[in-house]
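Only heavy atoms go into these numbers, but all of them, side chains included; no hydrogens, no water, no symmetry mates.
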Amino acid sequence: MKKGQIIEGTVERIDFPNKGIVSMQDGICVVKNALPGQKVKACVNRVRKGKAEGRLLEIAESSCLERESPCPHFGLCGGCVYISLPYEEQLGIKEGQIRRLLEGVLDGQGAPWHFEGIKASPARYEYRNKMEFSFGDEVKDGPLALGMHKRGSFYDIVTVDGCRIVDEDYRAILACTRQYFEREHIPFFHRLRHTGYLRHLLVRKAAKTGEILVALVTTSQQEQDLSSWQQALLSLKLKGRYAGILHVINDSIADVVQSDRTEILYGQDSFIEELLGLKFKVSAFSFFQTNSLGAEVLYETARQYIGDLGTAQADGKPDKVVFDLYSGTGTIAQLVAPAAGKVIGVEIVEEAVEAARENARLNGLTNCEFIAGDVLRVLDTIDEKPDLIILDPPRDGVHPKALKKILDYGIGRMLYISCKPTSLVRDLEVFLANGYVVERAVAVDQFPWTSGIETVCLLGKPAGEGHEI
């Protein structure tokens with residue numbers, strides 16, 4: 001295969017995250033955004049070591065697995081890639097992706113391990129508790145759009161007022177907001193010229209209580225009376241109820257959702273969500289799993305994997321020390337706290353640490369300590385030695401230098417929760433090289449219809465194993 005060549009073939013499988021594998025006489029071509037069984041045409045844009053990457057030009061023939069998409073935006077929006085498939089087929093794709101990645105590194109570990117397949121999300125549609133919609137236009141100088149980025153585009157925005165992964169309250173708030181600002185002729189922030197007012201609409205909703213938090217993110221480039229927009233939102237007939245409506249000022253040049261200054265227009269700036277009997281305060285920018293019901297499956301799985309933490313003190317009270325590294329708002333830490341003597345959470349985002357401390361107080365937990373800082377540096381400041389380490393790192397995985405410090409503890413068990421399986425297997429290779437083995441693993445579908453997938457791995461270390469890195 002050569003660069004610029006037009007190839008045609010059938011997609012055999014999908015590798016993580018959305019890489020369609022097409023076998024040709026001259027090797028393999030990877031075509032993104034295709035589905036198993038589709039016959040595709042693609043233009044080769046890169047060739048390396050007999051493996052090519054191609055840009056999808058046309059779906060010449062649909063897959064026999066496909067059905068009519070329940071979402072009117074499928075194919076335009078860059079979000080859901082599997083929504084034209086039955087849910088069971090999507091689960092099978094993701095399970096196969098994780099199985100192949102894990103087998104590639106674990107089949108040589110010299111010890112048996114068990115892959116427990118994939119756990120489904122309790123809700124297949126309308127499961128998201130947070131959405132960040134962007135203002136823009138779908139075509140240059142077109143009407144105001146509010147929604148998601150167009151597939152393959154950094155600038156074009158598709159209005160997703162029929163999105164199926166959020167409920168009707170989100171759709172109503174989105175439509176009302178877009179129509180209001182279009183009538184008022186308010187300009188969006190242009191990402192090239194860095195001029196304009198409207199940037200993002202952030203909507204969060206608690207799955208258990210139905211409380212809704214809405215934040216309009218704008219620049220400070222013009223003064224705008226938002227009282228009429230607020231009244232338009234309050235007049236909507238929603239299933240949930242507003243906890244608060246916020247105006248967030250963000251003058252960053254980068255296309256990020258952040259706050260330079262926040263004004264409360266109505267209500268308050270947070271609400272309470274519940275997971276597995278615990279309460280968590282969620283604000284506009286809190287890190288919190290975006291699928292509340294799916295998060296309960298994920299965290300209950302983690303709790304089962306950890307199991308009994310072992311012996312207690314003479315008075316019967318737990319005495320084990322647990323490190324929850326990359327702890328976010330402390331969800332996992334608080335779930336294991338009742339079985340531990342002490343849980344120490346480390347998280348680099350200070351706002352998340354403050355939320356974790358407040359959540360621990362809210363849940364009456366006195367044995368949780370949360371430290372703000374980089375795991376790499378914070379580990380040098382902690383005097384306690386852990387009996388168990390829980391890792392839930394960001395998408396890029398654990399920093400190699402932090403991984404060495406974690407290995408230096410030489411403890412017998414660790415739990416690794418990953419939101420990016422390719423980063424997970426890279427880190428697992430290091431664990432295996434240092435005497436650890438994976439005992440069991442399972443995938444959890446936190447993000448139906450998208451390419452996202454969570455994986456939980458329990459690692460053990462046979463007695464007497466040393467380590468090297």
Worksheet item: Can you list the residues that meet the side-chain contact (heavy atoms from CB on, under 4.5 Å) rule with Tyr242, with sequence neighbours excluded?
Response: Ile173, Ile212, Val214, Leu233, Leu234, Leu236, Leu238, Ile245, Tyr266
Practice prompt. Could you name each residue pair satisfying salt bridge (Lys or Arg N to Asp or Glu O under 4.0 Å) that touches residues 415-426, not counting sequence neighbours?
Written response: none
Worksheet item: If you measure from CD on Gln90 to OG on Ser84, what distance do you get to the nearest 0.5 Å?
Response: 10.5 Å
Worksheet item: Has Arg377 got more than 12 heavy atoms of other residues, nucleotides or ligands less than 6.0 Å from its CZ?
Response: no
Worksheet item: Taking atom NZ of Lys208 as the centre, does the number of heavy atoms from other residues, nucleotides or ligands within less than 6.0 Å exceed 12?
Response: yes
Worksheet item: Parallel, tilted or perpendicular for Tyr416 and Phe431, by the 30°/60° rule?
Response: perpendicular
Worksheet entry | CD1-CG distance between Ile348 and Asp374, expressed to the nearest 0.5 angstrom | 4.5 Å
Fill in: Any Met414 side-chain heavy atom under 4.5 Å of Ile406 side chain
yes
Worksheet item: Do the non-hydrogen side-chain atoms of Leu85 and Glu66 ever get within less than 4.5 Å of each other?
Response: yes
Worksheet item: Between Arg357 and Phe370, is NZ or CZ placed under 6.0 angstrom from the six-membered ring centre and within 45° of the ring axis?
Response: no
Fill in: Flag, side chain of Arg178 to backbone of Leu144, donor-acceptor distance under 3.5 Å
yes
Response to the item:
The reported gap from CZ in Phe133 to CG in Leu198 (rounded to nearest 0.5 angstrom) is 15.0 Å
Item to complete: Look only at the side chain of Arg13 and the backbone of Gly96, and say whether a donor-acceptor pair between them is shorter than 3.5 Å.
Response: no
Discussion item. Strictly distance-based, threshold 3.5 Å: is any side-chain N or O of Asp324 a donor or acceptor partner for the main-chain N or O of Gly330?
Written reply: no
Practice prompt. Taking atom types as modelled, find out whether Ser451 and Asn18 have a side-chain donor-acceptor pair closer than 3.5 angstrom.
Written response: no
Item to complete: Can you measure from CD1 (Ile118) to OG1 (Thr455) and round to the nearest 0.5 angstrom?
Response: 8.5 Å
Worksheet item: Does a side chain donor of either Thr218 or Gln224 reach within less than 3.5 Å of an acceptor in the other side chain?
Response: no
Practice prompt. Report the residue from Lys404, Lys405, Lys401 that forms a salt bridge (charged side-chain N to carboxylate O under 4.0 Å, His left out) with Asp380.
Written response: Lys405
Fill in: Rounded distance (nearest 0.5 Å) linking atom CD of Gln258 with atom NE2 of His200
10.0 Å
Worksheet item: Do the side chains of Gln289 and Tyr299 get nearer than 4.5 Å, heavy atoms only?
Response: yes
Worksheet entry | Close aromatic pair by centroid cut-off 6.0 Å: Phe323 and Tyr409 | yes
Item to complete: Using a cut-off of 6.0 Å, state whether more than 12 heavy atoms not belonging to Arg55 lie near its atom CZ.
Response: no
Discussion item. Measuring only between side-chain heavy atoms, which start at C-beta, is Leu424 closer than 4.5 Å to Ile98?
Written reply: no
Item to complete: Identify whether the distance between the nearest side-chain nitrogen and carboxylate oxygen of Glu126 and Arg171 falls below 4.0 Å.
Response: yes
Practice prompt. Evaluate the salt bridge (Lys or Arg N to Asp or Glu O under 4.0 Å) criterion for residues Lys94 and Asp445: first the C-alpha distance (whole Å), next the side-chain angles of each, then the deciding distance (0.1 Å), finally the verdict.
Written response: CA-CA 8 Å; Lys94 292 183 177 181; Asp445 187 23; 2.8 Å; yes
Item to complete: Side-chain contact test, heavy atoms from C-beta onward, threshold under 4.5 Å: evaluate it for Val430 versus Leu407 and give yes or no.
Response: yes
Practice prompt. Can you label the angle between the His149 ring and the Phe154 ring as parallel, tilted or perpendicular, going by 30° and 60°?
Written response: parallel
Worksheet item: Checking side chain to side chain donor-acceptor pair (under 3.5 Å) for the pair Asp225/Ser227: CA distance, chi angles, key distance, verdict?
Response: CA-CA 6 Å; Asp225 182 3; Ser227 58; 2.8 Å; yes
Fill in: Lys/Arg N to Asp/Glu carboxylate O, Asp167 vs Lys205, below 4.0 Å
yes
Discussion item. What I want to check is whether the side chains of Thr262 and Asp269 have a donor and an acceptor closer together than 3.5 Å.
Written reply: no
Discussion item. Let's go through Glu88 and Arg124 carefully: what are the C-alpha distance in whole Å and the side-chain angles of both, what is the deciding distance for salt bridge (Lys or Arg N to Asp or Glu O under 4.0 Å) to 0.1 Å, and is it a yes or a no?
Written reply: CA-CA 11 Å; Glu88 290 71 20; Arg124 301 178 182 184; 3.3 Å; yes
Discussion item. For a 4.5 angstrom cut-off between non-hydrogen side-chain atoms, does Thr159 reach Glu138?
Written reply: no
Worksheet item: Do other residues, nucleotides or ligands put more than 12 heavy atoms under 6.0 Å from the CD atom of Glu350?
Response: no
Discussion item. Applying side-chain hydrogen bond (donor to acceptor under 3.5 Å, both in side chains) as the test, list every pair that has at least one member in residues 326-335; sequence neighbours left out.
Written reply: Gln334-Asn363
Worksheet item: Side chains of Gln38 and Ser63: closer than 4.5 Å at any heavy-atom pair?
Response: yes
Worksheet entry | Salt-bridge criterion met for Glu132 and Lys130 (N-O under 4.0 Å) | yes
